[in-house]
K.L.:
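There's a structure below that I have some questions on.
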Protein chains: 4
Amino acid sequence: MSPKTSIQFEDIRKEKRRLILDSALKVFAIKGYHGASIANIAGEAGISKGLIYNYFSSKELILKETISAGLKSMFEQYHFETENYSLEQFSKLIDITFDLLEEDYEYWKLYFSVLMQTDVMELIKDSLMEFLMPVIQNFTQLFEKLGYAKPYDEARFLGSILDGLSINYIIDPENFSKEYCVQRLKTIYKLP
Amino acid sequence: MSPKTSIQFEDIRKEKRRLILDSALKVFAIKGYHGASIANIAGEAGISKGLIYNYFSSKELILKETISAGLKSMFEQYHFETENYSLEQFSKLIDITFDLLEEDYEYWKLYFSVLMQTDVMELIKDSLMEFLMPVIQNFTQLFEKLGYAKPYDEARFLGSILDGLSINYIIDPENFSKEYCVQRLKTIYKLP
Amino acid sequence: MSPKTSIQFEDIRKEKRRLILDSALKVFAIKGYHGASIANIAGEAGISKGLIYNYFSSKELILKETISAGLKSMFEQYHFETENYSLEQFSKLIDITFDLLEEDYEYWKLYFSVLMQTDVMELIKDSLMEFLMPVIQNFTQLFEKLGYAKPYDEARFLGSILDGLSINYIIDPENFSKEYCVQRLKTIYKLP
Amino acid sequence: MSPKTSIQFEDIRKEKRRLILDSALKVFAIKGYHGASIANIAGEAGISKGLIYNYFSSKELILKETISAGLKSMFEQYHFETENYSLEQFSKLIDITFDLLEEDYEYWKLYFSVLMQTDVMELIKDSLMEFLMPVIQNFTQLFEKLGYAKPYDEARFLGSILDGLSINYIIDPENFSKEYCVQRLKTIYKLP
DNA sequence: GATGAATGAGAGTTCATTCAT
DNA sequence: CATGAATGAACTCTCATTCAT
């Protein structure tokens with residue numbers, strides 16, 4: 001009966017925000033960004049269209065936040081020191097990558113579906129770069145240590161392979177042997 | 001005095017059809033299928049919206065034709081026998097692939113942008129499979145001949161790498177060293 | 001402070017629905033189904049085009065609902081037992097019919113304008129038959145009882161006369177003497 | 001090889017005009033005025049869209065001409081003296097009316113489909129009145145001679161019955177007994 | 001905080017009409 | 001005389017966004 005404290009309000013807002021982003025992710029993954037409507041998202045979340053605008057000022061912003069929230073949570077899972085990768089960490093990173101793909105299937109589906117659309121890309125470029133740059137740099141350092149002649153190019157090469165494997169897994173998980181590919185990749189880089 | 005000959009009309013139609021498909025490709029590549037409007041395509045082509053429907057009965061059909069025209073022209077360029085790949089052909093195929101990426105940059109941008117959108121994928125699946133299946137099969141045969149334990153999985157692994165490299169080249173051609181990656185890939189497979 | 005109650009929303013919806021159907025009736029009656037546009041209806045109702053689709057999912061559906069709402073309300077006014085017409089009821093039915101024509105002028109204008117358009121007819125056939133069949137059957141029974149040699153044909157003959165009189169009244173009410181025709185019709189059938 | 005004479009040209013024009021009107025009638029009868037497109041009519045006639053505009057300056061005009069050409073040709077078939085109907089002529093007129101309905105089914109379908117649409121009606125009102133007025137006047141005179149108290153109202157009553165019977169025959173010729181109704185009508189008016 | 005009625009711009013599509021040939 | 005490519009306005013319908021309650 002007593003008025004809710006501002007802390008309680010804060011909690012409600014955070015939870016609802018989370019709910020909207022999760023619902024948006026589901027709907028975006030199925031229908032794509034342009035194909036999904038605010039009504040779809042509201043329906044999935046079980047709330048009104050109007051309420052969504054209480055939390056996000058536009059559909060574009062929902063996409064941005066969906067993507068960057070995903071990147072942030074993924075970043076947190078990598079959590080080892082940001083510099084000086086070891087071979088063990090390299091190996092582990094490959095494992096983690098594929099685990100995340102499986103775990104956050106919907107997120108990655110959205111991520112890749114949006115990756116190639118120039119105009120949507122524009123929206124998320126900043127969040128993306130913030131996350132990807134250090135990873136590429138770390139690999140560049142590692143490959144330098146390992147004696148590769150062109151460590152940056154090798155890092156891009158590795159990144160590309162991971163992208164390709166990820167996409168193929170996302171498109172058609174049934175016929176794609178994750179295990180084989182992980183093993184094969186480790187063989188190429190002589191990882192433990 | 002006399003009406004335009006049917007040959008004249010045919011020429012006009014062929015040319016205009018080409019113009020529309022080319023314009024569609026450009027616009028689709030930038031905005032994606034759902035994000036691109038018929039008005040955008042008409043604007044790019046410098047014609048009226050209505051005229052587009054004199055040539056294609058729907059937006060869906062424009063996408064289908066754009067994709068399958070691209071696949072067809074690409075298929076013609078591979079042109080070596082459809083069975084029994086040799087290592088030389090394997091090597092050459094990698095070269096050709098990256099040449100095509102450079103040559104038909106817009107097409108591949110569209111191709112990859114469309115690849116991840118479930119609903120759009122549905123529209124072009126048939127054309128796509130018709131082209132991709134034999135390629136995967138041929139590689140499976142080749143890897144079998146080369147003694148790989150799981151030739152189909154290896155074919156998918158190779159395909160994924162090519163996808164990943166292609167996408168990274170398409171997204172950011174300036175900072176991506178095509179030459180390094182081609183060379184690196186050939187080293188992995190011990191190609192000439 | 002609190003959101004609109006669902007009762008308030010329900011009231012708004014009911015009223016607006018009514019408004020749209022009434023406006024549609026007016027416009028359909030003047031321009032016919034194909035000739036009337038959603039913009040016309042929205043204009044007549046003083047609302048936006050978009051709002052109409054908040055209440056009816058298509059133009060077809062608006063027509064269907066318009067027709068069947070009219071038939072339903074008319075059916076309710078006949079209200080005497082559905083079987084075993086008497087001569088008194090026959091006589092009364094003629095009176096009611098012409099009263100309704102006067103009362104629901106616009107509805108009947110639409111009804112008849114739509115009657116002859118094959119494709120539109122297709123849309124409303126079911127609603128129509130549901131209403132008309134029992135009437136024809138009852139008259140067939142009545143004419144059988146009265147000793148007519150071909151009671152069904154006589155029922156169709158009577159129905160045709162009523163149609164013809166109705167249409168002529170609808171087209172040009174000023175110069176058409178309803179009273180004379182009602183009286184004349186009763187004379188033919190020796191009604192009270 | 002020699003240039004066609006202007007008389008030949010005249011003939012060609014007349015024939016083509018006829019062809020277009022006939023084709024328009026067929027298409028209008030099936031799809032209605034609004035539902036039929038110029039392309040449909042051109043297709044039915046086996047000519048180009050452009051050529052139609054060489055003969056008629058608008059779609060509206062095609063409708064007008066279709067209707068009034070039909071009325072004119074019908075008028076010619078009645079052909080008995082325009083004044084002083086006899087009972088024999090009355091009887092014959094009923095017969096002719098139903099013969100024409102059967103013969104020119106498509107025309108009458110169009111005629112009635114267009115009858116109730118206020119805006120289309122506007123277009124053909126003049127042609128219509130030119131034809132209908134004398135018929136109504138003649139019947140008024142006849143009913144006066146026969147001693148009816150309100151001969152004009154009786155003429156409208158008869159006209160309405162003919163309309164109603166015609167419409168019901170047009171809508172559903174299979175289940176409508178023309179013969180019964182003709183006979184019945186003659187009985188009412190004590191015709192030979 | 002929460003609702004959903006309401007808007008308006010813009011989507012894909014159709015079609016009467018024009019016009020160069 | 002005849003063609004059909006081309007236009008542009010209007011069509012049905014969708015949807016991100018606003019706002020009174």
Side-chain angles (χ1 to χ4, degrees), chain A residues 4 9 12-13 16 34-42 47-62, chain B residues 1-6 8-13 15-16 34-42 46-62, chain C residues 1-6 8-13 15-16 34-42 46-60 62, chain D residues 4 8-9 12-13 16 34-42 47-62:
Chain A
K4 288 203 183 76
F9 273 128
I12 291 176
R13 281 197 71 85
K16 199 99 349 172
H34 289 290
S37 74
I38 295 288
N40 293 150
I41 297 171
I47 60 175
S48 70
K49 277 183 296 171
L51 190 53
I52 288 184
Y53 285 85
N54 209 319
Y55 291 85
F56 301 93
S57 57
S58 75
K59 192 185 172 188
E60 273 192 2
L61 204 65
I62 298 177
Chain B
M1 268 310 190
S2 68
K4 266 196 195 113
T5 67
S6 52
Q8 280 175 303
F9 278 130
E10 238 171 71
D11 284 353
I12 291 175
R13 283 196 76 82
E15 237 171 79
K16 201 70 57 161
H34 289 294
S37 74
I38 296 290
N40 294 150
I41 297 171
I47 58 176
S48 68
K49 273 189 300 172
L51 187 56
I52 289 184
Y53 287 87
N54 207 318
Y55 291 85
F56 301 92
S57 56
S58 73
K59 191 185 172 188
E60 262 194 42
L61 205 67
I62 298 176
Chain C
M1 269 310 191
S2 68
K4 267 196 194 110
T5 68
S6 51
Q8 281 175 301
F9 278 130
E10 239 170 70
D11 284 352
I12 291 176
R13 284 195 74 82
E15 237 173 79
K16 200 72 53 161
H34 288 293
S37 74
I38 296 289
N40 293 150
I41 298 172
I47 59 176
S48 68
K49 276 184 299 170
L51 188 55
I52 289 184
Y53 287 87
N54 207 320
Y55 291 85
F56 301 92
S57 55
S58 73
K59 191 185 173 188
E60 263 194 43
I62 298 177
Chain D
K4 288 202 182 77
Q8 281 177 307
F9 273 127
I12 291 176
R13 279 196 73 84
K16 199 101 350 178
H34 289 289
S37 72
I38 295 288
N40 294 150
I41 298 171
I47 60 176
S48 70
K49 277 184 294 171
L51 190 53
I52 288 184
Y53 285 85
N54 208 319
Y55 291 85
F56 301 92
S57 57
S58 75
K59 191 185 172 188
E60 272 193 2
L61 204 67
I62 298 176

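The sequence lines fix the lettering, A, B, ..., with proteins before strands; numbering per chain opens at 1.
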K.L.:
Rounded to the nearest Å, what distance is computed from the CG atom of residue Asp11(B) to the C1' atom of nucleotide dT3(F)?
P.N.:
15 Å

K.L.:
How would you list, by chain and number, every residue that makes a side-chain hydrogen bond (donor to acceptor under 3.5 Å, both in side chains) with His34(B), sequence neighbours excluded?
P.N.:
Asp119(B)

K.L.:
Using atom CD of Glu10(C) as one end and atom C1' of dT21(F) as the other, report the distance to the nearest whole Å.
P.N.:
17 Å

K.L.:
Rounding to a whole Å, what distance do you find between Leu51(B):CG and dT14(E):P?
P.N.:
14 Å

K.L.:
Starting at CD1 of Ile47(B) and ending at P of dC19(E), how long is that distance when rounded to a whole Å?
P.N.:
19 Å

K.L.:
Can you say whether a donor on the side chain of Lys49(A) sits under 3.5 Å from an acceptor on the base of dT17(F), or the other way round?
P.N.:
yes

K.L.:
With sequence neighbours left out, what residues match Ser37(B) under side-chain hydrogen bond (donor to acceptor under 3.5 Å, both in side chains)?
P.N.:
Asn40(B)

K.L.:
Does the side chain of Lys16(A) get closer than 4.0 angstrom to OP1 or OP2 of dA2(E) through an N or O atom?
P.N.:
yes

K.L.:
Within less than 4.0 Å of OP1 or OP2 of dG4(F), is there a side-chain N or O belonging to Arg13(B)?
P.N.:
no

K.L.:
Would you mind reading off the distance between Glu15(C) atom CD and dA5(E) atom C1', rounded to a whole angstrom?
P.N.:
13 Å

K.L.:
Give every donor-acceptor pair under 3.5 Å between a side-chain atom in residues 49-56 of chain C and any protein atom, sequence neighbours left out.
P.N.:
{"unit_1": "Asn54(C)", "atom_1": "OD1", "unit_2": "Arg13(C)", "atom_2": "NH1", "d": "3.4"}

K.L.:
What I'd like to find out is whether the side chain of Ile62(B) reaches to under 4.5 Å of the side chain of Ile38(B), using heavy atoms alone.
P.N.:
yes

K.L.:
With sequence neighbours left out, what residues match Glu60(C) under side chain to side chain contact (heavy atoms under 4.5 Å, CB included)?
P.N.:
Tyr33(C), Ser58(C), Lys64(C), Leu123(C)

K.L.:
What parts of residues 52-61 of chain D reach DNA chain E, counting only heavy atoms under 4.0 Å away?
P.N.:
Tyr53(D), Ser58(D), Lys59(D)

K.L.:
Can you tell me which stems DNA chain E forms, taking runs of 3 or more consecutive Watson-Crick or G-U pairs with both distances under 3.5 Å?
P.N.:
E:2-21 with F:2-21

K.L.:
In residues 34-42 of chain C, which ones come under 4.0 Å of DNA chain F, going by heavy atoms?
P.N.:
Ala36(C), Ser37(C), Ile38(C)

